Colleague: 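Have a look at the structure that comes next, please.
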Amino acid sequence: MADQSPETVAEAVFTALADPNRRAILAALAERGPATATDLATWLPITRQGIAKHLALLADAGLVVAEPGERRRVRYRVQTEPMRVAQRFLAVLARDWDGPLAALRAHLE
């Protein structure tokens with residue numbers, strides 16, 4: 001992620017978060033902590049295979065990281081830095097619009 005532009009990181013985050021199943025997986029990991037794909041499949045109405053597919057995309061976006069666990073089980077945990085990059089990207093966009101929108105509002109009033 002360090003060698004990617006903020007726009008590239010934000011695009012990957014937004015693409016990953018566009019799917020409600022991936023948002024549910026991230027929410028479960030954020031709430032319950034690191035978990036295996038099997039754990040996630042027991043908590044969510046998504047198949048184990050579906051979870052694995054979504055985890056791969058979340059990992060590609062940098063939003064989760066795989067860590068080795070006991071008995072060769074891989075646990076996934078949330079990585080927050082890509083979300084922070086996306087938040088900063090949105091903040092810049094919002095800042096660029098706040099002034100012109102306020103001026104338009106004042107003009108229309």
Side-chain angles (χ1 to χ4, degrees):
M1 186 179 80
D3 58 341
Q4 295 179 332
S5 72
E7 292 83 6
T8 301
V9 173
E11 180 180 357
V13 169
F14 299 144
T15 298
L17 295 179
D19 184 278
N21 289 319
R22 289 190 288 272
R23 291 193 306 270
I25 291 168
L26 278 177
L29 290 172
E31 180 182 330
R32 296 179 182 224
T36 65
T38 302
D39 294 336
L40 290 163
T42 62
W43 303 335
L44 300 169
I46 309 168
T47 66
R48 162 78 178 70
Q49 294 78 15
I51 295 280
K53 176 183 161 189
H54 289 302
L55 284 169
L57 199 144
L58 290 167
D60 288 346
L63 293 169
V64 298
V65 64
E67 300 174 331
E70 70 275 354
R71 290 182 266 144
R72 297 179 2 168
R73 295 180 62 175
V74 177
R75 299 177 69 79
Y76 294 86
R77 71 176 169 81
V78 174
Q79 289 283 100
T80 58
E81 184 55 27
M83 286 184 263
R84 288 190 186 111
V85 171
Q87 286 174 327
R88 288 191 297 268
F89 179 81
L90 287 174
V92 168
L93 292 178
R95 198 170 41 241
D96 289 346
W97 279 97
D98 287 344
L101 289 176
L104 177 61
R105 184 179 308 116
H107 175 74
L108 293 174
E109 291 173 347

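In what follows, residues are counted from 1 in the order of the sequence shown. Only this structure's heavy atoms are used, side chains among them; waters, hydrogens and symmetry mates stay out. In this text the structure is predicted, and so the values were computed from the model without any measurement.
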Colleague: Pairs of donor and acceptor atoms involving the side chains of residues 51-63, under 3.5 Å and at least two apart or interchain, shall be tabulated with distances.
Modeller:
residue	atom	partner	partner atom	Å
His54	ND1	Arg22	NH1	3.2

Colleague: If we only count heavy atoms from C-beta on, is the Val65 to Tyr76 side-chain gap below 4.5 Å?
Modeller: no
Colleague: Taking the side chain as everything from C-beta on, heavy atoms only, tell me whether Asn21 gets closer than 4.5 Å to Leu44.
Modeller: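 No, every pair of side-chain atoms sits at 4.5 Å or beyond.
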Colleague: So which heavy atom on Ala35 is nearest to which on Leu40, and how close?
Modeller: CB-CG, 4.3 Å
Colleague: List for me each residue that meets salt bridge (charged side-chain N to carboxylate O under 4.0 Å, His left out) alongside Glu7, sequence neighbours excluded, and say none if there are none.
Modeller: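 With neighbours one apart ignored, the set is empty.
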Colleague: Provide the closest heavy-atom pair for Val13 versus Pro82 in the form atom of the first, atom of the second, distance.
Modeller: CG2-O, 3.5 Å
Colleague: So Thr38 and Arg48, do their side chains get closer than 4.5 Å, heavy atoms only?
Modeller: yes
Colleague: Please list all pairs passing the side-chain hydrogen bond (donor to acceptor under 3.5 Å, both in side chains) test where one or both residues lie in residues 23-37, with sequence neighbours left out.
Modeller: Thr36-Asp39, Thr36-Arg73
Colleague: Output side-chain donor-acceptor pairs under 3.5 Å for residues 83-93, partner residues at least two apart or in another chain, one line each.
Modeller:
residue	atom	partner	partner atom	Å
Arg84	NH1	Thr80	OG1	3.0
Arg84	NH2	Thr80	OG1	3.4
Arg88	NH2	Glu81	OE2	3.2

Colleague: Does Arg75 reach the main-chain N or O of Pro34 with its side chain, forming a donor-acceptor pair under 3.5 Å?
Modeller: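 Answer holds: yes.
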Colleague: Who are the side chain to side chain donor-acceptor pair (under 3.5 Å) partners of Thr8, not counting sequence neighbours?
Modeller: Ser5
Colleague: Could you go through residues 100-109 and list every donor-acceptor pair under 3.5 Å that involves a side-chain atom there, pairing it with any protein atom two or more places apart or in another chain?
Modeller:
none

Colleague: For Glu11, does the CD atom sit with more than 12 other heavy atoms under 6.0 Å from it, leaving out its own atoms?
Modeller: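 Check fails, neighbour count at 12 or below.
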